[in-house]
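Let me begin by presenting the structure, written as structure tokens, before commenting on it.
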Amino acid sequence: MQSSPHGLTRFNTLPAAEAERALLTCCGSLHWARRLVIHRPYPDLGALLAAADEAVYDFAPADLDEALARETLPLPPHGSYSVAHTALGAAHCAYESRFGHAFVICLDGYGPDEALDQLLAGIRSRLGNDPEEERVLSWDELRRLARGRLARLVRSLGARSEPQEAINPQEPADSGRPDSASDSPYVAV
């Protein structure tokens with residue numbers, strides 16, 4: 001995964017509160033974000049991603065609940081039919097009713113033309129899981145999502161030209177959220 005050293009340097013030197021807000025756009029666990037902030041500086045992107053993985057592996061049940069509660073249903077990929085939107089909405093409602101949280105899936109490696117099919121197939125197949133099995137799968141998908149979002153966050157920091165530019169988690173192009181990154185293969189549903 002390519003990242004500019006400048007982006008990592010900027011991440012490492014952000015004020016703690018600003019870094020925490022930015023990290024919460026990658027994973028909704030406050031404990032996860034704070035843990036990554038206090039262990040800065042990171043020597044390279046690989047070390048940051050490894051720390052992010054370790055922080056997810058150490059999630060307490062409340063951390064996972066908090067992170068899953070902050071996941072949202074993004075729009076289906078651009079150009080998908082309204083029937084697909086309806087099918088996705090119905091599948092998501094059934095999933096959320098059964099498991100009590102948003103469906104999360106990492107679609108790394110799938111192009112935009114395959115994302116909707118993979119998304120619908122994933123949600124349909126996982127609807128049959130028992131709650132504990134689904135919790136484990138959701139935890140791993142959330143970890144994978146956080147990695148991709150974090151890598152994009154660091155890349156976006158390297159692309160910023162003004163040092164005083166603040167990270168605004170509400171900025172669609174730079175938020176790191178899968179529903180706002182047009183080139184993102186990561187989808188939380």
Side-chain angles (χ1 to χ4, degrees), residues 1-3 7-8 10-12 14-74 92 95-96 98-110 115 118-119 122-123 125-127 129-158 167 169 174-181 183-189:
M1 196 165 281
Q2 233 19 79
S3 173
L8 186 62
R10 291 186 73 179
F11 173 76
N12 282 332
L14 284 173
E18 192 173 341
E20 188 177 292
R21 279 191 309 274
L23 287 167
L24 285 171
T25 68
C26 301
C27 177
S29 165
L30 190 56
H31 178 79
W32 179 86
R34 287 182 176 160
R35 182 169 169 177
L36 291 181
V37 168
I38 64 171
H39 287 99
R40 293 180 305 165
Y42 295 96
D44 54 43
L45 181 61
L48 174 59
L49 294 176
D53 280 350
E54 185 179 325
V56 171
Y57 291 138
D58 291 343
F59 267 7
D63 298 324
L64 180 58
D65 291 341
E66 177 186 30
L68 288 172
R70 291 186 178 180
E71 290 295 321
T72 58
L73 176 65
H92 184 263
Y95 181 93
E96 202 166 279
R98 176 159 168 74
F99 298 111
H101 59 81
F103 177 74
V104 290
I105 187 169
C106 176
L107 297 174
D108 193 10
Y110 294 102
Q118 292 300 319
L119 180 59
I123 199 168
S125 71
R126 287 172 50 192
L127 268 169
N129 292 342
D130 67 67
E132 194 52 42
E133 178 184 11
E134 185 55 29
R135 189 167 177 82
V136 170
L137 288 171
S138 295
W139 166 80
D140 191 53
E141 291 294 328
L142 188 65
R143 179 192 62 78
R144 294 175 62 208
L145 285 167
R147 281 181 65 90
R149 292 170 182 169
L150 186 53
R152 285 191 305 280
L153 172 69
V154 171
R155 277 196 308 268
S156 76
L157 288 170
I167 294 176
D174 296 323
S175 70
R177 299 293 297 195
D179 52 336
S180 63
D183 64 342
S184 170
Y186 301 92
V187 179
V189 179

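Here the closest heavy-atom approach between residue Glu134 and residue Asn129 is recorded as OE1-ND2, 2.7 Å. When all heavy atoms of Leu8 and Val154 are compared, the closest pair comes out as N-CG1, 3.6 Å. Shortest non-hydrogen contact noted between Leu23 and Ala33 is CD1-O, 3.5 Å. Nearest heavy atoms, Ser125 versus Gly122: OG-O, 3.1 Å.
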In sequence, state the C-alpha distance, the side-chain angles, and the governing distance for Glu141 and Arg126, and then conclude on side-chain contact (heavy atoms from CB on, under 4.5 Å). CA-CA 12 Å; Glu141 291 294 328; Arg126 287 172 50 192; 3.7 Å; yes

Working note: Leu127 + Phe103, criterion side-chain contact (heavy atoms from CB on, under 4.5 Å); need CA distance, chi angles, decisive distance, verdict. CA-CA 10 Å; Leu127 268 169; Phe103 177 74; over 6 Å; no

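By the side-chain contact (heavy atoms from CB on, under 4.5 Å) test, Ala16 pairs with Val37, Arg40, sequence neighbours left out. Residues passing the ring pair (Phe, Tyr, Trp, His ring centres under 6.0 Å) test with Phe99 are Tyr95, sequence neighbours excluded. Evaluation of the side-chain contact (heavy atoms from CB on, under 4.5 Å) rule for Arg34 yields Glu20, Leu30 as partners, not counting sequence neighbours.
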Would you mind writing out the side-chain donor-acceptor pairs for residues 51-64 within the sub-3.5 Å range, not counting sequence neighbours?
residue: Asp53; atom: OD1; partner: Arg143; partner atom: NH1; Å: 3.3
residue: Asp53; atom: OD2; partner: Arg147; partner atom: NH1; Å: 2.7
residue: Glu54; atom: OE2; partner: Arg35; partner atom: NH2; Å: 2.9
residue: Asp58; atom: OD2; partner: Arg35; partner atom: NH1; Å: 2.8
residue: Asp58; atom: OD2; partner: Arg35; partner atom: NH2; Å: 3.0
residue: Asp63; atom: OD2; partner: Ala60; partner atom: N; Å: 3.0

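Interatomic distance, Arg149 CZ to Ser156 OG, rounded to the nearest 0.5 Å: 14.0 Å. Rounded to the nearest 0.5 Å, atoms CD (Glu18) and CZ (Phe11) are 11.0 Å apart. Note that CG of Leu142 is 13.0 Å distant from CD1 of Ile105, once rounded to the nearest 0.5 Å. The OG1 atom of Thr25 lies 9.0 Å from the CG atom of Leu150; values are rounded to the nearest 0.5 Å.
Remark: the backbone N or O of Arg135 is not paired with any side-chain donor or acceptor of Ser138 at under 3.5 angstrom.
By the 4.5 Å heavy-atom criterion applied to side chains, Cys27 and Arg70 are not counted as neighbours. Side chains of Val104 and Leu68 form a contact here, defined as non-hydrogen atoms less than 4.5 Å apart.
Applying the ring-ring contact (aromatic ring centres under 6.0 Å, His included) test to every pair with at least one member in residues 26-53, sequence neighbours left out, gives no pairs at all.
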